[in-house]
Number of protein chains: 2
Amino acid sequence: MTEDLMTIREMCETYDVTPRTLRFYEAKELLFPIREGQKRLFTKRDRARLKLILRGKRFGFSLEEIRQLLDLYHVGDQQLTQMTRTYEIACERLADMEARREELTQAIDDLKEQLRWGEKVIASMKQEKKAAE
Amino acid sequence: MTEDLMTIREMCETYDVTPRTLRFYEAKELLFPIREGQKRLFTKRDRARLKLILRGKRFGFSLEEIRQLLDLYHVGDQQLTQMTRTYEIACERLADMEARREELTQAIDDLKEQLRWGEKVIASMKQEKKAAE
DNA sequence: CGTCTGGATTACGTAAACGTCAATCTCATG
DNA sequence: CATGAGATTGACGTTTACGTAATCCAGACG
């Protein structure tokens, strides 16, 4: 079925993006579909990368930041020094993300508290309404 | 000291933004500084809102989305139906944020695993290097 | 009174992330 | 062979979120 290769149309339907977007990501070197004549064919690797790209976007990363993050996942056949550097960057990123999650947790707690407040306000408004009837 | 009112310059230093940014947020109706003659003076409320704006931006919300979120915090003297609607929207937002945190947790776990992999690769590379010497 | 200094307004500029449109190309099908 | 559906390649348009420069005020100060 998915012989490991997908056309641009299949990609669009699967991941809910436009062809333009996929071509744009290729131009930006985020994806590397192979060519069959003119046509692009997206590999399993492209799909994995696209998933990470979309996830990154939901977190508000820029495409350039995402591109660097993606490099952390391909590791490949680098030199020791290069590999070590990559590892360090990844560690920093991880710290960023954990800090981010902390902040998000804080925001969630804030909103929850706000909601409890809202519940009370609504309840008292209903009381008033009842009393007025 | 902070007599509850801050000049644009003080705001910029406190929150590390430019004057342009603050004026822009006012134009977009995210902030409502009062005027002393020509000059803007930012209130405590503006500062609270700005903090939420900056937080929202770190989470990748657009300014328009943030504006809607901010409305959830001012609640004010609304009608019951309006208040209830606001409450519902806030609940949805909360659900969004919790889902987001789940995803972030997943991303963090992924990256952690990747890092463990990286550690092993680096270790083996060091071994090879040693052996070659 | 001249002149800074800080803020305001107006307006044009810009980078990112695509959208949109026109002009091919190509291949299967009637 | 004509043609219609999909894909590709420019190329220009658009929105968001400000940056930047020019010009204009108003109060402080020597």
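Both backbone and side-chain heavy atoms feed into the values below; hydrogens, waters and symmetry mates do not. Naming: A, B, ... by sequence-line order, numbering from 1 per chain.
The closest donor-acceptor contact from the side chain of B:Glu65 to the backbone of B:Ser62 lies under 3.5 Å.
A straight line from CZ of B:Arg67 to P of D:dT16 spans 12 Å, rounded to a whole angstrom. Straight-line distance from the CE atom of A:Met11 to the P atom of D:dG6: 19 Å, rounded to whole Å. One atom, CD1 of B:Ile8, and another, P of C:dG6, lie 13 Å apart when rounded to the nearest Å. Rounding to whole angstrom units, CG of residue A:Leu31 and C1' of C:dC18 are separated by 14 Å.
Ion pairing between B:Arg116 and B:Glu119 fails under the 4.0 Å rule for side-chain N and carboxylate O. In summary, B:Glu26 and B:Arg35 engage in a salt bridge, as defined by a charged side-chain N under 4.0 Å from a carboxylate O. Salt bridge status for A:Arg58 with B:Glu102: absent, with no side-chain N to carboxylate O gap under 4.0 Å. Between B:Arg67 and B:Glu29, none of the side-chain N atoms (NZ, or NE/NH1/NH2) sits under 4.0 Å from a carboxylate O, so this pair counts as no salt bridge. Of the charged side-chain nitrogens involved, none lies within less than 4.0 Å of a carboxylate oxygen, so that A:Lys51 and A:Asp46 do not count as a salt-bridged pair.
Partner of B:Phe42 under the side chain to side chain contact (heavy atoms under 4.5 Å, CB included) criterion, chosen from B:Ile34, B:Leu31, B:Leu50, B:Leu5: B:Leu31.
Here the side chains of A:Leu41 and A:Ile8 are not in contact, with every heavy-atom distance at 4.5 Å or above.
Phosphate proximity of D:dG6 to A:Thr7: absent, as no side-chain N or O sits under 4.0 Å from OP1 or OP2. Between B:Thr21 and D:dA17 there is no side-chain polar atom (N or O) within less than 4.0 angstrom of OP1 or OP2. At the phosphate of C:dG19, OP1 or OP2 sits under 4.0 Å from a side-chain N or O atom of A:Thr18. For C:dA8, one of the phosphate oxygens OP1 or OP2 lies less than 4.0 angstrom from a side-chain nitrogen or oxygen of B:Arg40.
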Using side chain to side chain contact (heavy atoms under 4.5 Å, CB included), reason through A:Glu13 and A:Arg9 one step at a time and then give a plain yes or no. CA-CA 6 Å; A:Glu13 281 156 17; A:Arg9 192 56 51 182; 3.9 Å; yes
Could you walk me through whether B:Lys126 and B:Lys129 pass side chain to side chain contact (heavy atoms under 4.5 Å, CB included), step by step? CA-CA 5 Å; B:Lys126 284 190 179 166; B:Lys129 202 184 159 197; 5.5 Å; no
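Shown here is A:Asp109, whose CG atom has more than 12 heavy atoms of other residues, nucleotides or ligands within 6.0 Å.
Shown for residues 22-29 of chain B: residues whose heavy atoms fall under 4.0 angstrom of DNA chain D, namely B:Phe24, B:Tyr25. Residues from residues 53-60 of chain B placing a heavy atom under 4.0 Å of any atom in DNA chain D, listed by number, are B:Lys57.
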Is there any protein nitrogen or oxygen under 3.5 Å from a nitrogen or oxygen in nucleotides 20-26 of chain C, and what are the pairs?
| residue | atom | partner | partner atom | Å |
| --- | --- | --- | --- | --- |
| C:dT20 | O4 | A:Arg20 | NE | 3.3 |

